[in-house]
Novice: 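Below are the structure tokens for one structure; questions will follow.
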Protein chains: 2
Amino acid sequence: MTKIERAATGRARSGRGATASDKDVAASAGRPRSEEAHQAILDATLALLGEVGFSALTVEGVAGRAGVGKATIYRRWASKLPLVVDAFGGLPALEDADTGSLASDLKVMLRSYLELFNKTPLAAVLPALASERAHDPALAELFDPVLLQRRSPLVQALERAVARGEVSADLDLDLAADLIVGPIAVRLFFTGRKIQAKMVDPMVDMALGGIARPR
Amino acid sequence: MTKIERAATGRARSGRGATASDKDVAASAGRPRSEEAHQAILDATLALLGEVGFSALTVEGVAGRAGVGKATIYRRWASKLPLVVDAFGGLPALEDADTGSLASDLKVMLRSYLELFNKTPLAAVLPALASERAHDPALAELFDPVLLQRRSPLVQALERAVARGEVSADLDLDLAADLIVGPIAVRLFFTGRKIQAKMVDPMVDMALGGIARPR
DNA sequence: GCGATTACGATACACTACGTTTCGATATCC
DNA sequence: GGATATCGAAACGTAGTGTATCGTAATCGC
């Protein structure tokens, strides 16, 4: 037994929801899959993503860091890609904020979102997965719903604003959400231009000018 | 000699501008580097990027497609990354359009830009390079200026609008440009949501609402 | 308890691509 | 015509992939 200490886990597999990227479901008899190993693999994946980035990430490296055999990883994920998708799914997403006004909601949410980019390897994961999904339909199926779900708090804030009459009811909320996160995505991913926390207010204000109903 | 037919090229190296990703400048004597090989390599790189994407792109594959030895590639580019950056630089960029109004300029430019994504492997190249630049400062130095220069027509259109008084003179043009391209980037790269040509008008109108001076 | 079953970490394997180096041949400069 | 640098081709060591197999360990059904 290695560095992973195993506690009694009962029926281990039932402890987590299927992620659709698990390679196959194990039979009911025999030794259950180690939940500790599973989490150690995901943790090591995220840590290495932050340290070396996506393309330099190797399954061998993850196995070594997690104190796990390579076969244990391949038993659960078919390749590096779905593994990273799963690890990505474990990263914190946008936290909803309901402060009473759309502008304030957005500013709070985006400020805390920017912090996530400093704490997590989000900036390394997102563009890497995006570049793969174009040529891998199977990956797109895994990745797209996870991604869209991550920005749902943004859409919820917009829906509240519609209910309050802050924005027009016939607004395309999906497009509006893209308008809000677009500048951040462009700046963070495609160029090295840092985003200061104090830049959030003008960004939101500029986006809102186009979204809010004319006063 | 393979499929590359070599014409008389004179001093080959002087025919193209240094791209800063050339590995080293050759001395003045001896056989000059083949300009045909150079172009064949870049063409093959772009073709393969479109076919198999970035991560599945191999230098061996490029050499084979270009009818060139691997050493010929490594003599000019240190690795796959700067090669792709150079090939990326050869892709067509935004075409400036000066129609008299900002809204019209943007709509024309973005519509033709969308066509580029259907004709070129832009969607495969951009996120891939973006994900690498975060962990490769040398790549960032090559990539960032090329990328920023590619959207300069957008900024020029905004400057014309400022001169015409269409938008406020104290507008942050850089941020405004991000607001315009942001939704397109998010939709094209991070999700599979296609962008119809008829969606350009509402996108521009929504962005402009925040950018244009209140009427 | 006890045997059947399954996962465990470790290791060996064939395979592929990388990036380097060597080769004889070829093209250009001086 | 000699010096020099590039050419395409091929071989090389290195590293990671994904599979298979080892003996061990954990859980189930009985």
Side-chain angles (χ1 to χ4, degrees), chain A residues 1-15 22-41 44 48 52-84, chain B residues 1-15 22-41 44 48 52-84:
Chain A
M1 204 180 288
T2 64
K3 57 182 73 162
I4 301 173
E5 297 299 321
R6 300 208 188 84
T9 52
R11 291 282 305 281
R13 280 179 311 285
S14 61
D22 284 324
K23 217 173 164 185
D24 45 32
V25 182
S28 59
R31 177 177 176 172
R33 290 188 179 173
S34 162
E35 200 61 23
E36 282 73 16
H38 199 88
Q39 198 54 50
I41 292 167
L48 285 173
V52 305
F54 175 80
S55 73
L57 181 81
T58 68
V59 176
E60 282 191 343
V62 172
R65 171 75 68 105
V68 146
K70 245 198 320 178
T72 301
I73 296 182
Y74 281 110
R75 207 174 283 126
R76 301 164 193 232
W77 294 277
S79 72
K80 170 169 116 173
L81 229 45
L83 169 61
V84 170
Chain B
M1 206 180 288
T2 64
K3 57 182 73 162
I4 302 174
E5 298 301 320
R6 298 207 190 85
T9 52
R11 294 280 309 281
R13 280 177 312 284
S14 60
D22 283 325
K23 214 173 165 185
D24 43 34
V25 182
S28 58
R31 176 176 178 173
R33 290 188 179 173
S34 162
E35 200 61 22
E36 282 73 16
H38 198 89
Q39 198 54 51
I41 292 166
L48 285 173
V52 305
F54 175 81
S55 74
L57 180 81
T58 68
V59 176
E60 285 190 344
V62 173
R65 171 76 67 105
V68 146
K70 247 199 315 178
T72 302
I73 296 181
Y74 281 111
R75 207 173 283 123
R76 302 165 192 232
W77 294 276
S79 71
K80 171 168 113 172
L81 229 45
L83 169 61
V84 170

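All values reported here derive from a predicted model rather than from experimental measurement.
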Novice: For A44(B) and V62(B), which heavy atoms make the closest approach, and how far apart are they?
Specialist: CB-O, 3.9 Å

Novice: Counting only side-chain nitrogens and oxygens, does S34(B) get under 4.0 Å of the OP1 or OP2 atom of dT6(D)?
Specialist: no

Novice: Within the side chain of K80(A), is there an N or O that forms a donor-acceptor pair under 3.5 Å with the backbone of F54(A)?
Specialist: yes

Novice: Take the protein atom CD1 of I73(B) and the nucleotide atom P of dA17(C), then report the distance between them rounded to whole Å.
Specialist: 14 Å

Novice: Roughly how many Å is it from CZ in R75(B) to P in dA9(D), rounded to a whole number?
Specialist: 13 Å

Novice: Given atom CD of E35(B) and atom C1' of dT28(C), what is their separation to the nearest angstrom?
Specialist: 15 Å

Novice: When the distance from CH2 of W77(A) to P of dT17(D) is rounded to whole Å, what number comes out?
Specialist: 15 Å

Novice: Specify the separation, in whole Å, of atom CD of E60(A) and atom C1' of dT11(C).
Specialist: 11 Å

Novice: Taking all heavy atoms of L57(B) and all of V52(B), pick out the closest pair and write down the distance.
Specialist: N-CG2, 3.9 Å

Novice: Select one nucleotide: of dT17(D), dG9(C), dG8(D), the one nearest the side-chain heavy atoms of A37(B).
Specialist: dG8(D)

Novice: If you only use heavy atoms from C-beta on, which nucleotide in dG8(D), dT17(D), dT6(D) is closest to the side chain of R33(B)?
Specialist: dT6(D)

Novice: Counting side-chain heavy atoms from C-beta on, which of dG9(C), dC18(C), dG8(D) comes nearest to V68(B)?
Specialist: dG8(D)

Novice: Please report, rounded to the nearest Å, how far the P atom of dC18(C) is from the CG atom of L81(B).
Specialist: 13 Å

Novice: How close or far is atom P of dA26(D) from atom NE2 of H38(A), stated in whole angstroms?
Specialist: 20 Å

Novice: Is any side-chain nitrogen or oxygen of Y74(A) closer than 4.0 Å to OP1 or OP2 of dG18(D)?
Specialist: yes

Novice: Taking atom C1' of dG16(D) as reference, at what distance in whole Å does atom NZ of K80(A) sit?
Specialist: 10 Å

Novice: When we call it a touch if two heavy atoms are under 4.0 Å apart, what does A71(B) touch: a base, just sugar-phosphate, or nothing?
Specialist: base

Novice: Regarding dG18(D), can its base be found pairing with the side chain of K70(A) as donor and acceptor, where the two atoms are less than 3.5 Å apart?
Specialist: yes

Novice: Can you check side-chain contact (heavy atoms from CB on, under 4.5 Å) on V59(B) and W77(B), steps first, answer last?
Specialist: CA-CA 10 Å; V59(B) 176; W77(B) 294 276; over 6 Å; no

Novice: Which atoms form the tightest heavy-atom contact between A40(A) and A66(A), and what is the distance?
Specialist: O-CB, 3.6 Å

